[in-house]
Amino acid sequence: MPLIAPSILSADYGRLTQEIEAMEAAGADWIHIDIMDGHFVPNLTFGPWMVELAKKKTSLPLDVHLMVTDPVTYGPVFARAGADYVSVHAEAAPHLHRVLCSIKEAGAKAGLALNPLTHPCFLEQALDLLDLVVLMGVNPGWPGQDFIPQTLTKTAQVASLLSGLKPDRPIFLEIDGGVTDLSAPALVRAGATVLVSGSYLFRSPDYSLAIACLRRAGR
Ligand code: DX5
Ligand code: ZN
């Protein structure tokens, strides 16, 4: 069964801490926190304070997705703020080895995110340093966009790449963007092990039911 990671980008910001607590009570496995810098993507969201706040409110792992042009600076900053996973975009990280090492040295697990049309060959050289692969199902920047179908083929390709690795260290395969009850089943059958969902979960009148629905996907 996939792990379910609600993205607080779609939460009610007037009740942010209650929303995090409600998702934990409803059965979420991780909390996904989207960091946007207004450069890598046009939108702006949270600073490291958001991670510090979430850390005080939940015991769930915090999955921080950096959509920033300067992951060299911000990767370790968010790791030190309390992130359990920090993912950087391959498209933003010319010094990928340095970035992934610095995230680990700062105490977090390291992830690599790929935009919808970025080739998965980026992953192969980085696998030894990765704990998480994030495949974007939408162009990053906003919640509530339609799932881009090419991501399904890429999910199967990457799942096959990961299944050939030694089983001593799991690397999660996360899909982020456009994940709903409609897109989730095929993604899980293709090998996704973590589903991020923002608008589908937070717009649902019953968080427990919506999480259970995603978790049952692919069975
Ligand atoms: C998109 C973000 C996603 C977003 C997903 O740039 O990285 O985490 O919150 O939202 P939905 O699930 O609504 O596509
Ligand atoms: Zn995200």
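For ligands, and for the atoms within them, numbers begin at 1 and follow the listed sequence.
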Test of ring centre spacing under 6.0 Å for Tyr13 and Phe46 =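 Between Phe46 and Tyr13, which both carry aromatic rings, the centre distance is below 6.0 Å.
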
Which atoms from ligand 1 have a heavy atom of [X] less than 4.0 Å away?
X      : value
Pro140 : 6 (O)
Gly144 : 11 (P), 13 (O), 14 (O)
Asp176 : 2 (C), 3 (C), 4 (C), 5 (C), 7 (O), 8 (O)
Met136 : 7 (O)
His32  : 8 (O)
Gly177 : 14 (O)
Trp142 : 1 (C), 6 (O)
Met67  : 6 (O), 7 (O)

Closest non-hydrogen protein atom to [atom], residue and atom name please, with distance?
atom                    : result
atom 6 (O) of ligand 1  : Gly141 N, 2.7 Å
atom 14 (O) of ligand 1 : Gly178 N, 2.8 Å
atom 12 (O) of ligand 1 : Gly198 N, 2.8 Å

Given side chains that start at C-beta, do those of [X] and [Y] come closer than 4.5 Å, heavy atoms only?
X      : Y      : value
His119 : Lys154 : no
Lys57  : Gln18  : no
Met23  : Leu60  : no
Leu96  : Val88  : yes

Can you tell me how far [atom2] of [Y] sits from [atom1] of [X], rounded to the nearest 0.5 angstrom?
X      : Y      : atom1 : atom2 : value
Leu127 : Leu123 : CG    : CG    : 6.0 Å
Thr193 : Leu162 : OG1   : CG    : 8.0 Å
Leu132 : Trp30  : CG    : CH2   : 5.0 Å
Asn139 : Gln145 : CG    : CD    : 6.0 Å

Atom name in [X], limited to N/O/S, at shortest distance from the Zn ion (ligand 2):
X      : result
His65  : ND1
Asp34  : OD1
Asp176 : OD2

N or O pair under 3.5 Å between [X] and ligand 1:
X      : value
Asp34  : yes
Val138 : no
Val196 : no
Ser199 : yes

ask   = Is there a heavy atom of Phe147 sitting under 4.0 angstrom from any atom of ligand 1?
value = no

ask   = Considering all heavy atoms of both residues, which atom of Gly111 and which atom of Leu130 are nearest to each other, and what is their separation?
value = C-CD2, 4.0 Å

inquiry  = Tell me the closest heavy-atom pair linking Ser59 and Glu24, and the distance in Å.
reply    =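 Nearest heavy atoms, Ser59 then Glu24: OG-OE2, 3.1 Å.
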
query = Any Lys/Arg nitrogen of Asp84 or Lys55 sitting under 4.0 Å from an Asp/Glu carboxylate oxygen of the other?
reply =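 Yes, this pair counts.
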
ask   = Heavy atom under 4.0 Å from ligand 1: found in Tyr200's side chain, backbone, both, or neither?
value = neither

key: Ser7 contact mode with ligand 1 (heavy-atom cut-off under 4.0 Å)   = side chain

inquiry  = Using 30° and 60° as the class boundaries, would you call the ring planes of Phe172 and Tyr85 parallel, tilted or perpendicular?
reply    =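 Ring orientation of Phe172 relative to Tyr85: perpendicular.
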
